[in-house]
Amino acid sequence: MGCRFVTVQAMALTDGFLAELRQYAPSIATDAPALERFSQDYYWYSPWLREQLATKRAEAIVTVTTEAEISAVLRLAYREQVAVTARGLGTGNYGQAVPLAGGIVLDLRAMNQILSWPRGGVLAEPGVKLATLEQLARDRDRELRMFPSTIAMASLGGFIAGGSCGIGSINHGVLRDRGNVRSLRVITATETPQVVTLRGADIDKALHAYGTNGIITAIDLPLTQRTDWQPLTAAFNDLEQAHRCAWALGRSEGIHKRMLTLLEQPLVGYQKPVIEHLAPQAHALLLLVDPTDLSEATTLIEEYQGQVISTTAPNLSEATWNHTTLWVLKADRDYTYLQCGFSPDPEQSWQQMTALKARFGDDWLIHNEWVRFMGAVQCWSLPVLRYRDHDYLEAMFAACGELGVGISNPHTYILEEGGHDAGNPVQLAFKQFADPRGILNPGKMKRFVPR
Ligand code: FAD
């Protein structure tokens, strides 16, 4: 299950190439601090990726602001066979934006315009921050259908190309669910770069492809009706009761919510940004709930011997999804994590979790998120794990396999090994068309062989 390292040939950029590049791009940085900063993301969540990616560096950071600039850069890079790795805000946690073969990092932060607000949605450039989008949508009585817990830092393009789901997914499913993205404009890395618009099933070609088969320049995203969500935290002395309560809340369609998270007690104390809204000695449920349904949610929590602790926690989502792990890692680098899918049956999911706890004890700390997947609310998990050594983590993978627990492996930068759309053949076919020389984020799509 471990990450397979792909050898990628790095080529030094010539002065002539950089001089030509300067004609097309408004800003190019080649100083060591910039190269270091823009060659990294949050891959350090994984001890395996830390070993493999720490020394990878781009040779130039190229800022672009228009499709014309991107096309010109890609034309030149194609001609000289220089690697180009797109980058939003660099918050991916599998090394998606780390340039394995040097070359150019294409900094898309400045390409951040909202183009229009069509049909209850938004058409925007990739560099726009998700938090900006959410705020502007709310001003129009709309809101994002889903966002990662990095909403304050991450870009729309990075979420589309490198993320998968998050807060809101309990209602709207995951990004790749049909309808959650309406179109993508993508520029190819061909001799003469083309602008291609992907719609319907074709969106799958470039969604969550780590920028390996085109540079996304515009995204048409549907929004949903704004709700002024109420944060709610609850404490439970009994983990099983907390888990069963979360399932009951998850399956209660009448209790409208945007987020539903379970944290096993030792994880609670690490959640610094919201600690005063939690009971650190107890297991916790964290919710964003429709104010209309607050009393029903409270009643249900009390039925499972839970106690509401706070209904005022600001930024509660920053203790969920991969942020839960972040606060633990900030305190203790000997932890890491996994991404698991438990049985859709509440009883069975509990049995799977207790089997893992029986085997690994407090080296396996439960963190669950409830998500609508394939039309039904399901329990996904981002357990925080004590990292002892390579074999121990492998043993955790194996135990999941034996118990029928699915894994999306976060310890690999290889697209096909990550679990999400793993081995999606349409992405490979699109890469053969859109990036025949394999200059886009090389080394991330392992089945691709350059022509
Ligand atoms: P980047 O890291 O810059 O890029 C991500 C990938 O997209 C890279 O492969 C890059 O090459 C590619 N890319 C970027 N822009 C383009 C473009 N215009 N065209 C083509 N390719 C492009 N993810 C989730 O899905 N849900 C979560 O809840 C979540 N929580 C997180 C919490 C923490 C603390 C951390 C560290 C990460 C989390 N992530 C989560 C992962 C990540 O933050 C999100 O996926 C985020 O949306 C990535 O955006 P970014 O702008 O930082 O992308």
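Indexing begins at 1, ligand by ligand and atom by atom, following the structure's order.
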Under-4.0 Å salt bridge between Asp202 and Lys205 | yes
Is Lys129 salt-bridged to Glu134, cutoff N-O under 4.0 Å?
-> no
Within ligand 1, which atoms have a heavy atom of [X] less than 4.0 Å away?
{"X": "Gly214", "result": "20 (C)"}
{"X": "Gly211", "result": "20 (C), 21 (N)"}
{"X": "Asn441", "result": "9 (O), 11 (O)"}
{"X": "Gly163", "result": "25 (O), 45 (O)"}
{"X": "Ala154", "result": "46 (C), 47 (O), 49 (O), 51 (O)"}
{"X": "Ala161", "result": "7 (O), 12 (C), 13 (N), 21 (N), 22 (C)"}
{"X": "Phe159", "result": "25 (O), 47 (O), 48 (C), 49 (O)"}
{"X": "Trp321", "result": "28 (O)"}

Can you tell me which residue and heavy atom of the protein come closest to [atom], and the distance to 0.1 Å?
{"atom": "atom 48 (C) of ligand 1", "result": "Thr91 OG1, 3.4 Å"}
{"atom": "atom 8 (C) of ligand 1", "result": "Gln96 CB, 3.5 Å"}
{"atom": "atom 5 (C) of ligand 1", "result": "Gly158 O, 3.7 Å"}
{"atom": "atom 31 (C) of ligand 1", "result": "Asn322 CB, 3.3 Å"}
{"atom": "atom 30 (N) of ligand 1", "result": "Ser149 OG, 3.1 Å"}
{"atom": "atom 16 (C) of ligand 1", "result": "Ala86 CB, 3.8 Å"}

N/O separation below 3.5 Å, [X] to ligand 1:
{"X": "Ile216", "result": "yes"}
{"X": "Leu108", "result": "no"}
{"X": "Ser155", "result": "yes"}
{"X": "Thr150", "result": "yes"}
{"X": "Gly166", "result": "no"}
{"X": "Tyr45", "result": "no"}
{"X": "Ser164", "result": "yes"}
{"X": "Tyr42", "result": "no"}
{"X": "Cys165", "result": "yes"}

Looking only at side-chain N and O atoms, does [Y] offer a donor or acceptor that is under 3.5 Å from a partner on [X]?
{"X": "Trp327", "Y": "His323", "result": "no"}
{"X": "Thr261", "Y": "Trp321", "result": "no"}
{"X": "Glu143", "Y": "Thr224", "result": "no"}
{"X": "Trp48", "Y": "Tyr413", "result": "no"}
{"X": "Gln339", "Y": "Ser408", "result": "no"}
{"X": "Arg386", "Y": "Tyr335", "result": "yes"}
{"X": "Glu67", "Y": "Thr217", "result": "yes"}
{"X": "Asp41", "Y": "Asn93", "result": "no"}
{"X": "Asn180", "Y": "Arg145", "result": "yes"}

Can you say whether the rings of Trp364 and Phe360 are parallel (under 30°), tilted (30 to 60°) or perpendicular (over 60°)?
-> parallel
Tyr210 and Tyr94 aromatic ring geometry - parallel, tilted or perpendicular at 30°/60° bounds | tilted
[X]: heavy atom below 4.0 Å from ligand 1, yes or no?
{"X": "Asn93", "answer": "yes"}
{"X": "Gly127", "answer": "no"}
{"X": "Phe147", "answer": "no"}

CD/Glu191: more than 12 non-hydrogen atoms of other groups inside 6.0 Å | no
Candidate with minimal heavy-atom separation from atom 50 (P) of ligand 1, of Leu89, Leu329, Leu130 = Leu89
May I ask which of Pro148, Gly92, Gly90, Ala218 has a heavy atom nearer to atom 40 (C) of ligand 1 than the others do?
-> Pro148
Sub-4.5 Å side-chain heavy-atom contact between Met146 and Leu175 | yes
Can you find a heavy atom in the side chain of Ser343 that is under 4.5 Å from one in the side chain of Gln352?
-> yes
